[in-house]
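Working notes for the structure below.
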Amino acid sequence: MRQVYLDYSATTPVKQEVVDAMLPYFTELYGNPSSLYSIAAESKEALAGARKQVAELIGAEEKEIFFTSCGTEADNWAVMGAADALRKKGNHIITTKIEHHAMLHSCEFLEKRGYDVTYLDVDSEGRVNPADLEAAITDKTILISIMFVNNEVGTVEPIKELAAIAKAHKILFHTDAVQALGNVPIDVKELGIDLMSMSAHKIYGPKGIGALYIRKGVKISNYLHGGAQENKKRAGTENLAGIVGFGKAAELARTNLTEHIKHTSSLRDYLIQQVQENIDNVYVNGSMEHRHPGNANLTFEFIEGEAMLLYLDMNGIAVSTGSACSSASLTPSHVLSALGIPVERIHGTLRFTVGDMTTKEDIDYVVSTLKNVVNKLREISSVSSE
Amino acid sequence: MRQVYLDYSATTPVKQEVVDAMLPYFTELYGNPSSLYSIAAESKEALAGARKQVAELIGAEEKEIFFTSCGTEADNWAVMGAADALRKKGNHIITTKIEHHAMLHSCEFLEKRGYDVTYLDVDSEGRVNPADLEAAITDKTILISIMFVNNEVGTVEPIKELAAIAKAHKILFHTDAVQALGNVPIDVKELGIDLMSMSAHKIYGPKGIGALYIRKGVKISNYLHGGAQENKKRAGTENLAGIVGFGKAAELARTNLTEHIKHTSSLRDYLIQQVQENIDNVYVNGSMEHRHPGNANLTFEFIEGEAMLLYLDMNGIAVSTGSACSSASLTPSHVLSALGIPVERIHGTLRFTVGDMTTKEDIDYVVSTLKNVVNKLREISSVSSE
Amino acid sequence: MYNDKVMDHFMNPHNVGEIENADGVGTYGSPVCGDMMQISITVEDDKITDAKFKTFGCGSAIASSSVATDMIIGMTIDEALELTNKQIINELGGLPAVKVHCSVLADHAIKSAIYDYAQKTGKHYKGLEGFDPNADEDDHHDLPEEA
Amino acid sequence: MYNDKVMDHFMNPHNVGEIENADGVGTYGSPVCGDMMQISITVEDDKITDAKFKTFGCGSAIASSSVATDMIIGMTIDEALELTNKQIINELGGLPAVKVHCSVLADHAIKSAIYDYAQKTGKHYKGLEGFDPNADEDDHHDLPEEA
Ligand SMILES: Cc1ncc(COP(=O)(O)O)c(C=O)c1O
Ligand SMILES: Cc1ncc(COP(=O)(O)O)c(C=O)c1O
Ligand code: FES
Ligand code: FES
């Protein structure tokens, strides 16, 4: 049976070149980068090389890149580190209703410990209105954190405008760019970003390695305390092979960016067009103009997401759902709710994300399978258009 | 030139079997364990298998193992999580003067935020006196954290006795077992441990993956907030390949434990004996009775550690120093200071750690090289026995 | 996440549809909470001779509907009223903890269908005492979250 | 961590030893702070004609001693007194930031040796004004930590 993976926003396979770059650092060049002997110097050089590769992808300087264990840690560090360092200045944080749980749950943790958090609304396409940000700022605001690209609906936020507002008020601006990295052009200097979270496993690198960009001059408290790694800002023996893999993936993402965007957006557009032609009562969620190139977030009325997902899986197709029944948590997607999508539709929503390995034949197979699955489930369903 | 790596306490090469176990999880079985389709189910199973392997190494149940990004994160989580969760009960933490910086710097961070920390002394062999612990406990004590095996001198602490004292006072007991894992037998149930930190890269697994054992029933706050991974206790997409590698390494450590201890301790003893026979004015630091099987911490009088380290490195030998001039930090080792070793001797100290790949020929080569190096540096030195 | 039996009932559900001129029809849940189930039954001599379902819901809800309708066909009304979600789960060989509530749907929808039958025929059943088909439909989501 | 030139001076240091009947001998540092350097010099007509060192210290301290003694041989006393640790570092092609202080040792030890020579001969040098060989020997460790 054909296998089609259309969940590149959940995670990506590691590219062979990336694995090849990593391999020597397990068995041969295993020295602890903090040690002083020759084999450790090679590890140190490898770290420096990877740091450069990640810096180049986002227009940063090497010493502004701090490796973490994942995007989640980068998010936690940014918000916890800013909250701790700036406690005397204020206790107010502004973020949005559509952030990843790494940000939302960190904010909830802080709320229970004396911080105030404003969660900005978004419009029906998932975009933050800069005027809302402006209005939410108080003299106690110490951090503004707005994601670059939403992971469910793929909406790209107006980061440059938002960062400019933060700057005008001299407030730190953080963005969770985990979904943006390698999918939209990013130049942190031009965009005016102070802190930015990244993760390797969304750009064909390994899982369990991320990074936080900290603009030169920005001071936040450390979050992992211990050894002097990462220029004394993030302790813990470095995930050497993981970092090398992240670096290689970043380099590939940089050199392939234009081609990657072209490839994924054209297949994504083809998918949406084919689905709309072949299946009734389908909605596309999010913005078509400001959108992650691989993302198609689609609602199929009258049926439920997990059921679709499982039927597709039985046909070798991997997609994801943000619906109630999709995961350990049964509450409907906070992102789709924030876009104002009615709950019954949220339950019928699937996220498809195409990636570098996706082909037109894959899409054709997915659409024809999807058509059958939707028909079958609509027959079973107790809800209908009549 | 012969290459001899004698710094297994800094990090270990990853065993080939471990790399082989990891490889499929990069390019083939790359599914995000949180997803619902088949390829993700395989990832989930792989996590469960690794959790079992780690649990078996320490006599824990699978659901008591929570993967982290390193030993440092496990230490931070234990102390920060306990401090946050038990703030209402008290603000006093007891640890020792010889902990790893992951613990010490976390404690210093807490001290600046209203917590009191007692740093217990150790005797000249590096052992904590249980009576000192008993005496330090107050009604505000919420956590006792004492390392299992010290990373510099290799001293094994009387964990069972110390944990029993904590238990008698109903205080949480954490131990940093990063150096103990795979080097001494550990049964968390029999020892009465509540929280225990581990790291894969000290047992022939990859860098950048660790774990915290949390005894069933023990409640500490989360430290990385976000998704529902690790039974909702540690967020962040799992380092899938890293976890699989840790699992495999744990399995090998368990099945090889007796052999590993025999192999390393006999070579270590041979090293010490040969050094003492061939070089004058050498001291062995730490306990010979309660000692990490691979550790030889030796002081060579009248010369300085970094200089020795570099000369050895030029001869293909990798060892480490805890001396002033060994690392970015120039303060003399806090561990050797706590043992009461005079500062001028601390500067002349090297740590040798032997491991599974070490041979008798390696040791012979190291001893004969060391003899020349020590002689040469003593000739240059402005300090002498005269 | 589901065992083979659940997957089989989910992929090839039995008794899908609506019985024309059914003796009793019950629905439970609502699309707003993500699950809605309709069950229709034919009754002869106080025995359920046929049952069909339509379900808007997850794999577990569909599989529960399928196996529950299988189970009640041939039962007396009183036996069917005693059917618990636990029995449905057992018949399915188990469900993941977070999905246990999906089987509650089926047991409620069956009760609702019998309630409809009882209303139409003026019959009384002990097993229906205290049963309110319009009770808070969110109930089945109120189970404690997985530890 | 060290460049080739530093490594070369470290592995094959020049001028190791003590000059018998030296005209001046100076030590700086102490084993307690991890570094101690002794320099002995021969002086003819206010010119340093020979210099030797013994150093207890790290690679950088040994390399600094080696290159510094090389540098002062042939210098006049006044020139030697003007030698700065910066020049020593330059001659070595650079040192890691945390190791800069090690070169200060050499420049102090040289001054101490000249001081000793001045004391013995009753000579006065402008470059020695304000120099106290017994000043706090921990000085060279007081540099700011790397960022
Ligand atoms: C005793 C001890 N604790 C903690 C750590 C930190 O572990 P990791 O390097 O995985 O962060 C180490 C090793 O570096 C260690 O030896
Ligand atoms: C927008 C966003 N932020 C943060 C994360 C967390 O990154 P990681 O999985 O590396 O912890 C993800 C992905 O899971 C994401 O999509
Ligand atoms: S029907 Fe609600 S989760 Fe299954
Ligand atoms: S002599 Fe002190 S660090 Fe080099």
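Throughout, protein chains are lettered first and strands after them, A, B, ... in sequence-line order, and every chain is numbered starting at 1. Only a predicted model underlies this, so the values are computations on that prediction, with no experimental measurement involved.
Side-chain polar atoms of R234(A) and T72(B) form no donor-acceptor pair below 3.5 angstrom. Under the 3.5 Å distance criterion, with hydrogens and angles disregarded, no donor-acceptor pair is assigned to the side chains of Y223(A) and N76(B).
Considering every non-hydrogen atom in both R113(B) and S221(A), the closest pair reads NH2-OG, 4.4 Å. Residue F26(B) comes nearest to V19(A) through the heavy atom pair CB-CG2, 3.7 Å, listed as atom of the first residue, atom of the second, then distance. Of all the heavy atoms in G236(B) and C70(A), the pair that sits closest is CA-SG, 4.0 Å. Taking each heavy atom of N239(B) and G208(A) in turn, the nearest pair found is CB-CA, 3.7 Å.
Ranked by non-hydrogen atom pairs under 4.5 Å with chain B, the options H201(A), E28(A), E238(A) are led by H201(A). Per-residue counts of heavy-atom pairs under 4.5 Å with chain B were compared for D84(A), V79(A), D75(A); the largest is that of D84(A). Of the listed residues (L310(B), D7(B), L240(B)), the greatest number of heavy-atom pairs within a distance under 4.5 Å of chain A belongs to D7(B). Heavy-atom pairs under 4.5 Å with chain A peak, among L23(B), I317(B), L312(B), T11(B), at T11(B). Here T237(A) is the residue among T237(A), T27(A), I209(A) with the most heavy-atom pairs under 4.5 Å with chain B.
Contact of S38(B) with chain A is made through backbone and side chain together, with heavy-atom distances under 4.5 Å. For A235(A), the parts sitting under 4.5 Å from any heavy atom of chain B are the backbone and the side chain alike. Using a 4.5 Å cut-off between heavy atoms, T12(A) touches chain B through its backbone atoms (N, CA, C, O) alone. With a threshold of 4.5 angstrom between heavy atoms, M22(A) approaches chain B through side-chain atoms but not through N, CA, C or O. If you measure heavy-atom distances from L104(A) to chain B, you find no contacts under 4.5 Å at all. With a threshold of 4.5 angstrom between heavy atoms, A318(B) approaches chain A through its backbone and through its side chain. For V18(B), no part lies near chain A; criterion is any non-hydrogen pair under 4.5 Å. Looking at E73(B), the atoms closer than 4.5 Å to chain A (heavy atoms on both sides) sit in the backbone and in the side chain alike. In this structure, no portion of M103(A) lies under 4.5 Å from any heavy atom of chain B.
A donor-acceptor distance shorter than 3.5 angstrom exists from the side chain of H105(A) to the backbone of G226(B), with no hydrogens or angles considered.
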Query - Stepwise side-chain hydrogen bond (donor to acceptor under 3.5 Å, both in side chains) test for H225(B) and S106(A) - result: CA-CA 5 Å; H225(B) 309 274; S106(A) 295; 5.5 Å; no

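For the atom pair CE of M80(B) and CE of M80(A), the computed distance is 11.5 Å after rounding to the nearest 0.5 Å. Here CG of L224(A) is found 12.0 Å from CH2 of W77(B). Values are rounded to the nearest 0.5 Å. With rounding to the nearest 0.5 angstrom, the CD1 atom of I39(A) is 10.0 Å from the CG atom of D313(B).
Using a 4.5 Å cut-off on side-chain heavy atoms (C-beta onward), K207(B) and Y30(A) make contact.
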